[in-house]
Amino acid sequence: MTGLPEVLALDETGPDRFRSGPIPSEWARTFGGQIAAQSLMAAARTLDRSYSAHSLHGYFLRPGRPHEPTGHLVERLRDGGSFCTRRVTALQAGEAIFTVTASFHRGDEGFSHQVDMPAVPAPDDIPESDRINGWGMPRPAEWSHWEMRWVPGGERGHVPGAPACQRMWIRYGRPLPDDGAVHACALTYLSDMALLGSARLPHPPTAVQGASLDHSLWFLRPFRADEWLLYDQVSPSAEHGRALTRGRLFDTGGRLVAAVAQEGLMRFDRPRPTEGGDREISLSPPASTVPDPR
């Protein structure tokens with residue numbers, strides 16, 4: 001399957017306009033983390049490399065079609081001495097499928113503090129997993145370049161009053177270039193992996209339709225996505241067919257390198273709309289063991 005460097009290789013088609021080619025997929029819809037990562041790369045391509053991404057906030061608007069090219073239109077909202085802001089719209093067939101606002105910072109001197117990393121086994125002490133999440137769902141072929149190791153006992157779904165949670169070690173399994181933008185885009189890609197699955201843990205096996213609706217990510221400290229990162233995922237709430245999820249990413253030295261927040265669709269299964277009807281918003285793979293019927 002296509003590797004991450006190829007996924008992030010965008011063609012410049014005009015001023016602040018980029019194009020990503022079709023990416024083979026076994027899913028009928030494009031993985032949301034892929035679209036977000038490509039859009040962040042488009043934004044980074046319009047900036048001096050002295051600026052690095054520190055946050056992004058995006059909305060998934062329509063299902064992406066993996067076997068079609070995607071255009072990325074960049075708007076330069078602000079160019080300042082310390083911060084620059086870009087808005088990127090991803091389009092297919094003239095329709096917006098994703099929009100994101102990303103902010104970039106040169107970095108400054110200031111205070112420093114962080115929470116401690118959870119006490120977990122080291123990744124070398126945990127076997128490789130071919131699952132998407134803690135229920136044993138098979139990992140899709142397009143994630144074959146990623147190494148994933150679920151922390152034993154890291155799942156919690158039935159403790160009243162406590163958030164559902166799951167933890168995994170993850171890294172890109174091949175060396176990536178020494179380019180901060182590439183690693184930021186790689187972390188954006190992986191930040192959408194399995195996150196919504198944490199919201200399924202407190203509930204019995206039931207057919208649901210799941211998809212990422214929005215996604216926020218904060219880059220807090222330097223990191224490499226081709227080195228092990230602990231992804232601590234929690235879901236504090238689900239209601240009205242939507243689930244709130246959050247994530248923290250730590251490196252092996254215990255440094256908190258990124259934080260994630262996402263709301264996802266998590267509604268009981270229902271038939272697809274008829275031809276020409278309203279289409280359900282859905283970008284990420286379903287989070288249940290029951291295949292999405294659309």
Side-chain angles (χ1 to χ4, degrees), residues 3-5 7-8 31-34 36-38 40-41 44 52-56 58 102 112-134 139-140 142-156 163-198 212 215-235 245-262 284-285:
L4 186 66
V7 169
L8 299 178
F31 172 53
Q34 174 187 309
Q38 291 172 329
L40 181 61
M41 177 57 75
S52 58
H54 76 89
S55 68
L56 63 85
S112 176
H113 70 270
Q114 69 158 76
V115 300
D116 290 338
M117 184 177 77
V120 299
D124 291 342
D125 297 330
I126 303 172
E128 177 71 9
S129 174
D130 60 357
R131 302 175 296 164
I132 288 182
N133 52 34
R139 181 167 50 175
E142 60 196 90
W143 291 357
S144 61
H145 298 304
W146 293 91
E147 297 181 35
M148 303 168 63
R149 300 185 180 182
W150 290 94
V151 175
E155 298 173 8
R156 183 182 66 214
C165 71
Q166 57 186 11
R167 293 168 178 160
M168 70 171 171
W169 288 101
I170 185 169
R171 69 178 176 185
Y172 192 71
R174 300 180 180 181
L176 293 171
D178 295 328
D179 183 337
V182 170
H183 289 271
C185 293
L187 192 143
T188 300
Y189 185 106
L190 75 85
S191 68
D192 195 31
M193 294 170 70
L195 182 59
L196 190 55
S198 63
S212 305
H215 198 79
S216 293
L217 177 58
W218 294 266
F219 304 95
L220 306 176
R221 291 172 177 83
F223 63 90
R224 291 189 65 92
D226 53 5
E227 297 179 354
W228 287 114
L229 298 171
L230 176 67
Y231 198 177
D232 180 32
Q233 303 174 338
V234 301
S235 177
T245 57
R246 299 196 303 258
R248 303 179 300 172
L249 290 118
F250 299 85
D251 64 15
T252 54
R255 296 187 313 148
L256 179 64
V257 301
V260 187
Q262 181 185 96
S284 292

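Start at 1 with the first residue, then count along the sequence.
- For the atom pair Trp143 CH2 and Gln34 CD, the distance stands at 11.5 Å (nearest 0.5 Å).
- Across every non-hydrogen atom of Leu217 and Ser191, the tightest pair is CD2-OG, 4.0 Å.
- Using a 4.0 Å cut-off between charged side-chain N and carboxylate O, Arg139 and Asp130 make no salt bridge.
- Judged by distance alone, the side chain of Trp169 and the main-chain N or O of Pro121 form a donor-acceptor pair under 3.5 Å.
- The distance from atom CG of Asp226 to atom CZ of Arg174, rounded to the nearest 0.5 Å, is 12.5 Å.
- For Asp192 against Gly33, the heavy-atom pair with the smallest separation is OD2-N, 3.1 Å.
- Side chain of Arg221 to main chain of Leu256: a donor-acceptor pair is present (N/O by atom type, distance under 3.5 Å, no hydrogens or angles).
- Arg224 CZ to Leu176 CG: the interatomic distance, rounded to the nearest 0.5 Å, is 7.0 Å.
- Separating the CE atom in Met168 from the CG atom in Leu229 is a distance of 10.0 Å, to the nearest 0.5 Å.
- Separating the CZ atom in Arg246 from the OG atom in Ser216 is a distance of 12.5 Å, to the nearest 0.5 Å.
- Contact of the Ser212 side chain with the Leu196 side chain is not registered, since no non-hydrogen atoms from C-beta on lie closer than 4.5 Å.
- Judged by distance alone, with hydrogens and angles left aside, the side-chain atoms of Tyr172 form a donor-acceptor pair with the main-chain N or O of Leu4 at under 3.5 Å.
- Rounding to the nearest 0.5 angstrom, the gap separating the CD atom in Gln262 from the NE2 atom in His215 is 5.5 Å.
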### Phe223/Asp251 under side-chain contact (heavy atoms from CB on, under 4.5 Å): CA gap, chis, key distance, verdict
CA-CA 7 Å; Phe223 63 90; Asp251 64 15; 5.6 Å; no
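- In this structure, Arg255 contributes its side chain and Gln114 its backbone to no donor-acceptor pair below 3.5 Å.
- Taking every heavy atom of both residues into account, Asp116 and Arg248 meet most closely at O-NH1, 4.5 Å.
- Between Thr188 and Ala37 the shortest heavy-atom distance is CG2-N, 3.7 Å.
- Without hydrogens or angle criteria, Glu128 side chain to Met148 main chain gives a donor-acceptor distance under 3.5 Å.
- Of the possible polar contacts, none joining the His145 side chain to the Gly173 backbone as a donor-acceptor pair under 3.5 Å is found.
- In terms of modelled atom types and a separation under 3.5 Å, the side chain of Glu142 and the main chain of Phe31 share no donor-acceptor contact.
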### Query
Are Val120 and Asp232 close enough, and set up right, to give a side-chain contact (heavy atoms from CB on, under 4.5 Å), and what steps lead you there?
CA-CA 10 Å; Val120 299; Asp232 180 32; over 6 Å; no
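- The two atoms that bring Gly247 and Tyr231 nearest to each other are CA-CE2, 3.8 Å, heavy atoms only.
- Using a 4.0 Å cut-off between a side-chain N of Lys or Arg and a carboxylate O of Asp or Glu, Asp125 and Arg149 do not qualify as a salt bridge.
- Side-chain atoms of His183 come within 3.5 Å of backbone N or O of Pro177 as a donor-acceptor pair.
- In terms of heavy atoms, Leu56 sits closest to Leu40 at CD2-CD2, 4.0 Å.
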